[in-house]
Chemist: 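Just passing along the structure, written as structure tokens.
Start at 1 and go down the list; that is how both ligands and their atoms are numbered. By convention here, the first residue in the shown sequence is residue 1.
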Amino acid sequence: MQGTAIAQPNIALIKYWGKRDVARNLPAVGSISITLRELFTRMHVEFDHSLPADALQVNGAADDKMLPRIVDCLDRVVGADRPCARIASTCNFPIAAGLASSASAFAAVTVAAARAAGRVLDVDTLATLAGRASGSAARSLFGGFVELQNLEDDIRCRTIARADDWPLSVVVAITEKGPKAVGSTEAMEISRQTSPFYSSWVEQQAHDLETARTAIAARDFEQLAAIAEHNCLKMHSIMWAARPPMVYWNAATMRCLQTVRQLQGQGIGVFFTIDAGPQVKAVCLPEHVDDVEAALRATAGVTGIMTTGLGGGARLEDSS
Ligand code: PMV
């Protein structure tokens with residue numbers, strides 16, 4: 001009764017921000033993301049009738065903070081009458097720091113738990129279950145460019161272009177390693193309830209999705225860059241205008257944006273996106289990755305760089 005799965009985080013180019021149903025964790029808007037290749041979470045799940053309680057280890061240390069969300073996820077995948085589980089997670093990048101660690105974690109644990117329980121579920125069901133735990137996790141079941149569509153009563157994810165159809169690179173500039181001050185669920189609810197920009201954000205999302213879809217189909221980097229930066233800045237401006245205001249950026253985040261603008265001025269194909277944290281993700285054409293890496297590394301306040309291509313969806317490990 002065990003299973004091991006691996007999943008990569010994804011980064012939204014057209015963002016999910018806001019929920020239409022908090023209890024079922026259904027997003028208020030559709031989104032488009034890219035699944036990364038080199039960053040990963042591996043989850044091992046083992047059900048054991050002799051265990052007195054569920055136990056989670058993250059990178060070798062007991063983690064009681066994340067445990068309740070993992071327990072809920074196992075209950076949804078397997079049923080609340082399941083045996084207790086030993087869950088071991090390894091992750092090769094900072095956790096809860098705006099790098100989509102919850103996306104890869106919940107995608108991986110959903111796939112591993114289904115295997116451990118002997119349940120054969122199709123990818124849409126796995127994505128729906130992962131999405132109940134973390135909205136962005138549904139997208140990590142799929143590889144390449146992924147669209148999450150908001151259906152009337154549910155979600156559906158689809159790969160709209162494969163990783164090797166348009167092999168972009170992503171340079172992540174780390175500006176701070178600590179966990180974020182406000183979790184995304186709470187920040188989304190504060191945004192919905194108090195931000196004067198929230199309703200126009202929801203209204204305009206169909207247009208942004210369509211523009212990005214067209215850009216991806218045409219491999220039009222400039223068009224994708226323009227709409228992704230616009231959508232990212234809109235998401236953050238909702239939060240800046242909320243009460244209380246929420247600003248995930250620090251001074252180095254801002255300096256990274258200036259670096260990206262300078263690179264663009266030199267004709268380098270790059271654009272930025274930022275999630276619920278201070279890290280800057282620079283998406284670029286593969287031929288420009290060395291220039292982008294060097295410029296961000298030289299930006300004051302950047303403490304680390306991670307570079308990755310695009311990858312595939314969550315999957316079982318061979319031995320599982
Ligand atoms: O899946 P959550 O609840 O961690 O929310 C993710 C929200 C953003 O990363 C900011 C945007 C997105 O679409 O991934």
Side-chain angles (χ1 to χ4, degrees), residues 7-36 39 41 65-66 68-70 72-73 91 93-110 127-142 145-150 155 157 160 170 172 179-192 195 198 201-202 204-205 208-209 212 227-240 242 246-249 253 272-281 283 314:
Q8 274 97 250
N10 66 78
I11 288 181
L13 304 181
I14 303 298
K15 311 271 185 201
Y16 146 51
W17 195 254
K19 299 180 198 283
R20 69 185 141 127
D21 181 337
V22 176
R24 294 175 64 210
N25 205 35
L26 291 177
V29 291
S31 52
I32 292 180
S33 61
I34 43 180
T35 304
L36 307 181
L39 278 50
T41 304
K65 210 164 151 244
M66 175 98 164
R69 285 178 75 194
I70 295 279
D72 286 349
C73 184
C91 183
F93 60 100
I95 293 173
L99 281 173
S101 57
S102 64
S104 49
F106 287 107
V109 80
T110 301
T128 301
L129 288 165
R132 294 284 183 269
S134 164
S136 55
R139 299 186 308 237
S140 275
L141 265 297
F142 295 79
F145 295 76
V146 179
E147 176 164 7
L148 183 150
Q149 297 169 309
N150 228 350
I155 55 157
C157 295
I160 55 174
V170 182
V172 182
K180 53 193 166 202
V182 189
S184 56
T185 296
E186 190 186 347
M188 286 184 202
E189 276 309 281
I190 295 173
S191 299
R192 185 179 66 78
S195 180
Y198 182 78
W201 157 260
V202 174
Q204 289 172 24
Q205 190 78 342
D208 291 6
L209 287 166
I227 195 64
E229 289 189 352
H230 173 67
N231 188 266
C232 163
L233 294 174
K234 272 198 298 194
M235 183 187 86
H236 286 277
S237 65
I238 299 170
M239 293 185 246
W240 287 31
M246 294 168 291
V247 179
Y248 282 111
W249 302 8
T253 311
F272 63 79
T273 189
I274 306 162
D275 292 296
Q279 334 300 356
V280 175
K281 292 105 183 195
V283 182

Chemist: Numbering the atoms of ligand 1 from 1, which are under 4.0 Å from a heavy atom of S134?
Modeler: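 In order of number, 1 (O), 2 (P), 4 (O).
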
Chemist: Just to confirm my output: which protein heavy-atom neighbour is closest to atom 9 (O) of ligand 1, and how far is it?
Modeler: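 Going by distance alone, atom 9 (O) of ligand 1 is nearest to D275 OD1, 3.6 Å.
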
Chemist: Could you tell me whether some N/O pair between S136 and ligand 1 is separated by less than 3.5 angstrom?
Modeler: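 Yes; at least one N/O pair falls below 3.5 Å.
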
Chemist: Select the closest option to atom 12 (C) of ligand 1 among K15, R139, M188, judged by heavy-atom distance.
Modeler: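 Among K15, R139, M188, the closest heavy atom to atom 12 (C) of ligand 1 comes from R139.
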
Chemist: Could you tell me the separation between the CH2 atom of W201 and the OG atom of S195, rounded to the nearest 0.5 Å?
Modeler: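 The CH2 atom of W201 sits 11.0 Å away from the OG atom of S195.
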
Chemist: Which atoms of ligand 1 sit under 4.0 Å from any heavy atom of A12?
Modeler: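 With A12 as reference, the close atoms of ligand 1 come out as 12 (C), 13 (O), 14 (O).
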
Chemist: Give the residue and atom name of whichever protein heavy atom lies nearest to atom 7 (C) of ligand 1, and the separation in Å to one decimal.
Modeler: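 That would be Y16 O, 3.6 Å.
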
Chemist: Against S31, only a single residue in E147, K15, R139 fulfils side chain to side chain donor-acceptor pair (under 3.5 Å); can you say which?
Modeler: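 Considering E147, K15, R139, a side chain to side chain donor-acceptor pair (under 3.5 Å) with S31 is found only for R139.
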
Chemist: When you look for heavy atoms under 4.0 Å from ligand 1, do you find them on the side chain of S184, its backbone, both, or neither?
Modeler: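 The answer is the side chain.
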
Chemist: Which atoms from ligand 1 have a heavy atom of W17 less than 4.0 Å away?
Modeler: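 Near W17, the atoms of ligand 1 are 10 (C).
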
Chemist: Give, for atom NZ of K234 and atom CD1 of I14, the distance between the pair rounded to the nearest 0.5 Å.
Modeler: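 So the gap between those two atoms works out to 8.0 Å.
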
Chemist: Using a 4.0 Å heavy-atom threshold (strictly under), name the region of S102 that reaches ligand 1: side chain, backbone, both or neither.
Modeler: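 Only the side chain of S102 comes within reach of ligand 1.
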
Chemist: For side-chain contact (heavy atoms from CB on, under 4.5 Å), just list the numbers for V182 and M239, CA-CA rounded to whole Å, side-chain angles, deciding distance to a tenth of an Å, and then say yes or no.
Modeler: CA-CA 11 Å; V182 189; M239 293 185 246; over 6 Å; no

Chemist: Is any N or O atom of N10, backbone or side chain, closer than 3.5 Å to an N or O atom of ligand 1?
Modeler: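 Among all N and O atoms of N10, none is under 3.5 Å from an N or O of ligand 1.
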
Chemist: Can you see which heavy atom on S140 is nearest to which on S104, and at what distance?
Modeler: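 Closest approach of S140 to S104, heavy atoms only: OG-N, 4.3 Å.
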
Chemist: Looking only at distance, does K19 have an N or O less than 3.5 Å from an N or O of ligand 1?
Modeler: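 Among all N and O atoms of K19, none is under 3.5 Å from an N or O of ligand 1.
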
Chemist: Can you list the ligand 1 atoms lying under 4.0 Å from a non-hydrogen atom of G135?
Modeler: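 Numbered from 1, ligand 1 contributes 1 (O).
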
Chemist: Return the minimal non-hydrogen interatomic distance between S191 and I238, and the atom names on each side.
Modeler: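 For S191 and I238, the tightest heavy-atom pair comes out as CB-CG2, 3.6 Å.
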
Chemist: Taking it one step at a time, do V146 and N10 satisfy side-chain contact (heavy atoms from CB on, under 4.5 Å)?
Modeler: CA-CA 9 Å; V146 179; N10 66 78; over 6 Å; no

Chemist: Do the side chain of Y198 and the main chain of M188 share a donor and acceptor less than 3.5 angstrom apart?
Modeler: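 Flag not set: sc Y198 to bb M188 has no pair under 3.5 Å.
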
